[in-house]
Peer 1: 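My structure is below; once you've seen it, I'll send some questions.
Reckoned from all heavy atoms, side chains included, excluding hydrogens, waters and symmetry mates.
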Amino acid sequence: ETNPTNDTEVDFTVTFSNTLSTGPIAGDFTISTTGSITGESISGISGTGPYTVSVNTGTGDGTVRLDLTDGTTNLVPNVQAPFNTGEVYDIDNKPPTIVGSTLDGSNAFIDIDFSEDVFNNAGAALVPGDWDITRGGGNSITVTVTDLTQTGGGALTGGEDPIRFE
């Protein structure tokens, strides 16, 4: 999975050093969050070792981490808990906004500044097909984006700000 992500669910792989005769249940885990994340929950556990624990990321922005709860007694054989140093997902549900732009003097391109680095929905570099730009107002026109580059002219790799639209 990409990280940062705006996915509504992320998966954590949980591996125990010993084979368990009794697998984990949702109550064996807690979800640690930072930022404005609310409504997070464990949505499922699958596998027979390693286990996949699926977590609903809730709403808001911040981080989520899956922790093994201290005092877990369900797991056989008993495991050492707590464990709270696992993978952390950065959850970014707030879309970037345009905070500024500079139009080239010959109208050949416009450099657009965003509130944060931008990626497409797959977490990769933007391509012209990711954009549908229409100017509103009294005289509507459709703008066709033929190329996106870094402002210095290099190819986009994902996570750039600002971006040159040509």
Peer 1: Hydrophobic cluster membership, with links at side-chain heavy-atom distances under 4.5 Å among I/L/V/M/F/W/Y: are Phe109 and Leu148 in one?
Peer 2: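 Cluster IDs for Phe109 and Leu148 differ.
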Peer 1: Classify the ring geometry of Phe165 against Phe114: parallel below 30°, tilted from 30° to 60°, perpendicular beyond 60°.
Peer 2: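 Taking Phe114 first and then Phe165, their aromatic rings sit tilted (interplane angle of 30° to 60°).
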Peer 1: Exactly one of Thr151, Thr149, Val118, Ile112 should register a side-chain contact (heavy atoms from CB on, under 4.5 Å) with Ile163. Which one does?
Peer 2: Val118
Peer 1: So if you build clusters from Ile, Leu, Val, Met, Phe, Trp, Tyr with side-chain heavy-atom gaps below 4.5 Å, do Trp131 and Leu103 land together?
Peer 2: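 Linked within one cluster.
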Peer 1: Counting only N and O atoms by type, is there a donor-acceptor contact under 3.5 Å from the side chain of Gln150 to the main-chain atoms of Ala155?
Peer 2: yes
Peer 1: Hey, any chance Tyr51 and Phe29 share a hydrophobic cluster, counting ILVMFWY side chains that come within less than 4.5 Å of each other, even indirectly?
Peer 2: yes
Peer 1: Between the side chains of Asp11 and Thr52, does any donor sit under 3.5 Å from an acceptor?
Peer 2: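 No donor-acceptor contact under 3.5 Å links the two side chains.
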Peer 1: Rounded at 0.5 Å granularity, tell me how far OG1 in Thr59 sits from CD1 in Ile37.
Peer 2: 7.5 Å
Peer 1: Considering all heavy atoms of both residues, which atom of Ile42 and which atom of Leu66 are nearest to each other, and what is their separation?
Peer 2: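 Scanning both residues completely, I find the closest heavy atoms to be CD1-CD1, 4.2 Å.
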Peer 1: If every non-hydrogen atom of Val88 is compared with every non-hydrogen atom of Asn3, which pair is closest and at what distance?
Peer 2: O-ND2, 2.9 Å
Peer 1: Do Ser43 and Ser54 meet the criterion of a side-chain donor-acceptor pair at a distance under 3.5 Å?
Peer 2: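 No, no side-chain donor-acceptor pair sits under 3.5 Å.
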Peer 1: Are any side-chain N or O atoms of Thr146 and backbone N or O atoms of Glu166, one a donor and one an acceptor, separated by less than 3.5 Å?
Peer 2: yes
Peer 1: Go through Asn6 and Asn93 one step at a time and tell me if the side-chain contact (heavy atoms from CB on, under 4.5 Å) criterion holds.
Peer 2: CA-CA 5 Å; Asn6 62 359; Asn93 288 313; 3.8 Å; yes
Peer 1: Which pair of non-hydrogen atoms, one from Ala125 and one from Asp130, has the smallest distance, and what is that distance?
Peer 2: O-OD2, 4.2 Å
Peer 1: Could you pull out all residues at least two apart from Asp117 that satisfy side-chain hydrogen bond (donor to acceptor under 3.5 Å, both in side chains)?
Peer 2: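 Expected list: none.
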Peer 1: Which label fits Phe12 and Tyr89: parallel for a plane angle under 30°, tilted from 30 to 60°, or perpendicular past 60°?
Peer 2: perpendicular
Peer 1: Does a donor on one side chain sit under 3.5 Å from an acceptor on the other, for Arg65 and Ser32?
Peer 2: yes
Peer 1: Have Asp104 and Ser106 got a donor and an acceptor in their side chains that come within less than 3.5 Å?
Peer 2: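 Their side chains do contain a donor-acceptor pair, which is all the 3.5 Å distance test asks for.
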Peer 1: Any idea which heavy atoms bring Ile110 and Ser101 closest together, and the distance?
Peer 2: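 So the minimum-distance heavy-atom pair works out to CD1-CB, 3.8 Å.
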Peer 1: Rounded to the nearest 0.5 Å, what's the gap from CD1 on Ile91 to CG on Asp7? Could you check?
Peer 2: 7.5 Å
Peer 1: Return the minimal non-hydrogen interatomic distance between Thr33 and Val64, and the atom names on each side.
Peer 2: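 Closest heavy-atom pair between Thr33 and Val64: CG2-CG1, 3.9 Å.
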Peer 1: Would you say Asp67's side chain and Thr69's backbone share a donor-acceptor pair under 3.5 angstrom?
Peer 2: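 Checking the backbone N and O of Thr69 against the side chain of Asp67, no donor-acceptor pair under 3.5 Å is found.
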Peer 1: Which heavy-atom pair separates Arg164 from Asp111 by the least distance, and what is that distance?
Peer 2: NE-OD1, 2.7 Å
